[in-house]
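Each remark here refers to the structure printed beneath this line.
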Amino acid sequence: MTISIAHLGPPGTYAEQATVFYANWLHKSTGNQAMLCPYSSIAQSLQAVAKGQTRLAVVPVENSIEGSVTMTMDTLWQLDSLKIQLALVLPIAHALISRTASLHGIQTVYSHPQALAQCQGWLGRFLPNVQLIQSNSTTEALQGLDQELTAAAIASSRAAQLYNLPILARNINDYPDNCTRFWVVSQSEEDLINSSASSSHTSLAFSVPANLPGALLKPLQVFAHMGINLSRIESRPTKRSLGEYLFFIDLEADVKQAKMQSALGKLTQHIEVLKIFGSYNILPITMEQ
């Protein structure tokens with residue numbers, strides 16, 4: 001069977017790198033082949049799964065330097081049908097790529113907003129006067145570097161190899177242990193995954209009825225009283241009114257566990273809308289893989 005997988009393109013992005021790893025892992029685990037399908041935005045990647053255009057999507061959700069990827073979170077809340085299959089953790093090592101002979105000749109640097117932010121300290125030291133231009137992905141601008149000889153792009157060393165472009169500087173991210181967590185999502189919670197296996201994490205989001213004292217405390221106390229640890233909590237605006245928020249939470253428990261079922265039952269007494277994105281395990285990616 002061939003499994004179609006959406007990801008942020010064009011080829012050479014970190015999302016594609018994570019997708020390639022997942023495709024290889026999937027083939028070894030199930031024998032299924034994968035067909036990679038690049039899209040021009042994270043939202044389009046997720047919408048492709050919701051519309052049935054692809055079976056899966058691999059999307060970034062959190063970076064160790066810059067935090068959550070808000071487009072992923074907002075789109076998951078909007079699309080009710082998607083479930084998380086697996087989490088992948090990819091080490092991120094940015095490179096400065098350009099046809100320019102030296103740093104002194106660079107006037108413009110292109111990249112995804114997350115990559116620019118992850119390298120802002122390095123850029124401030126070595127390229128303080130260049131113009132920074134945001135792009136839809138780390139590789140979007142690479143195809144134009146042959147014509148724009150005073151420009152550079154921040155992307156991976158793998159991307160430089162794919163586009164046959166020289167690297168001026170390696171490992172330019174401000175923190176060496178930079179990594180990004182990706183989610184593999186589908187329309188079915190049990191798709192391609194052994195449903196009897198225990199999962200280490202559950203992700204969900206909820207809104208509260210009103211911005212009142214204790215509105216967030218009461219839902220969080222439910223998990224505290226049940227001994228369920230939160231590994232991440234993030235707020236996002238509801239987009240209905242200023243000061244109204246959604247809360248995204250990662251829990252270190254399987255939704256099928258009795259204590260999680262009990263906690264979710266109590267949680268509904270204190271919230272407005274609850275969306276459970278699924279339970280899953282985390283698979284680390286090494287650079288050798």
Side-chain angles (χ1 to χ4, degrees), residues 2-23 25-26 32 34-63 66-90 92 112-115 134-140 180-193 199 201-207 232 234-239 245-250 255 273-283 285:
T2 299
I3 307 297
S4 54
I5 309 176
H7 64 85
L8 177 64
T13 61
Y14 293 101
E16 189 210 35
Q17 187 173 341
T19 305
V20 168
F21 170 84
Y22 175 74
W25 177 85
L26 185 66
N32 292 316
M35 178 177 66
L36 274 62
C37 304
Y39 286 82
S40 60
S41 73
I42 295 169
Q44 288 180 6
S45 299
L46 291 168
Q47 289 162 0
V49 181
K51 295 176 182 177
Q53 297 171 352
T54 66
R55 184 85 171 271
L56 301 170
V58 175
V59 292
V61 64
E62 182 183 21
N63 177 261
E66 283 303 301
S68 296
V69 180
T70 56
M71 183 179 291
T72 297
M73 297 164 62
D74 290 346
T75 307
L76 276 177
W77 177 265
Q78 295 163 7
L79 300 174
D80 293 329
S81 61
L82 301 186
K83 297 295 182 181
I84 302 168
Q85 295 268 329
L86 188 69
L88 309 169
V89 179
L90 175 69
I92 304 294
H112 188 274
Q114 281 264 342
Q134 297 182 357
S135 56
N136 289 325
S137 71
T138 53
T139 56
E140 185 180 60
T180 295
R181 181 160 57 104
F182 292 83
W183 279 338
V184 181
V185 300
S186 70
Q187 284 203 58
S188 170
E189 193 168 16
E190 300 180 356
D191 187 25
L192 307 177
I193 297 294
S199 299
H201 287 73
T202 296
S203 292
L204 55 84
F206 59 82
S207 60
R232 183 178 71 108
E234 188 87 13
S235 64
R236 292 290 300 149
T238 62
K239 299 174 174 56
Y245 296 94
L246 312 171
F247 297 96
F248 289 76
I249 293 178
D250 292 347
V255 74
V273 177
L274 171 65
K275 296 189 179 184
I276 301 173
F277 300 127
S279 293
Y280 53 90
N281 291 308
I282 299 175
L283 188 62
I285 303 174

Do side-chain atoms of [X] reach the backbone of [Y] as a donor and acceptor pair under 3.5 angstrom?
X      : Y      : answer
Lys83  : Ser279 : no
Ser135 : Ser137 : yes
Thr13  : Thr139 : no
Glu16  : His7   : no

Pairwise distance [atom1]([X]) to [atom2]([Y]) - rounded to 0.5 angstrom:
X      : Y      : atom1 : atom2 : result
Ile5   : Thr19  : CD1   : OG1   : 6.5 Å
Ser207 : Leu246 : OG    : CG    : 6.0 Å
Thr180 : Asn63  : OG1   : CG    : 4.0 Å
Ile92  : Thr138 : CD1   : OG1   : 8.5 Å
Leu56  : Ser4   : CG    : OG    : 7.0 Å
Ile3   : Cys37  : CD1   : SG    : 11.0 Å

For [X] versus [Y], what's the shortest heavy-atom pair and its separation?
X      : Y      : result
Leu8   : Ser45  : N-OG, 3.6 Å
Arg55  : Ser186 : O-CB, 3.6 Å
Pro60  : Thr72  : O-OG1, 2.5 Å
Tyr280 : Ser199 : N-CB, 3.4 Å
Ala18  : Ile285 : CA-CD1, 4.2 Å
Ala50  : Leu82  : N-CD2, 3.9 Å

Mind running side chain to side chain contact (heavy atoms under 4.5 Å, CB included) on Leu90 and Leu88 for me, showing each step along the way?
CA-CA 6 Å; Leu90 175 69; Leu88 309 169; over 6 Å; no
Go through the steps to decide whether Thr54 and Tyr39 satisfy the test side chain to side chain contact (heavy atoms under 4.5 Å, CB included), and finish with yes or no.
CA-CA 11 Å; Thr54 66; Tyr39 286 82; 3.8 Å; yes
Ile42 side chain reached by Val69 side chain, heavy atoms, under 4.5 Å
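The answer is yes, as the side chains (C-beta and beyond) meet within the 4.5 Å cut-off.
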Mutual orientation of the aromatic rings belonging to Phe247 and Phe206 [parallel < 30°, tilted 30-60°, perpendicular > 60°]:
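Judged by the thresholds at 30° and 60°, the geometry between Phe247 and Phe206 is tilted.
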Under the side-chain contact (heavy atoms from CB on, under 4.5 Å) test, which residues partner Ser68, sequence neighbours left out?
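Once residues adjacent in sequence are excluded, the partners of Ser68 under the side-chain contact (heavy atoms from CB on, under 4.5 Å) criterion are Met73, Arg232, Glu234.
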Go through it in stages, so that I can follow the logic: the residues are Val273 and Trp77, the test is side chain to side chain contact (heavy atoms under 4.5 Å, CB included), and I'd like the CA-CA distance, side-chain angles, deciding distance and then a yes or no.
CA-CA 11 Å; Val273 177; Trp77 177 265; 4.0 Å; yes
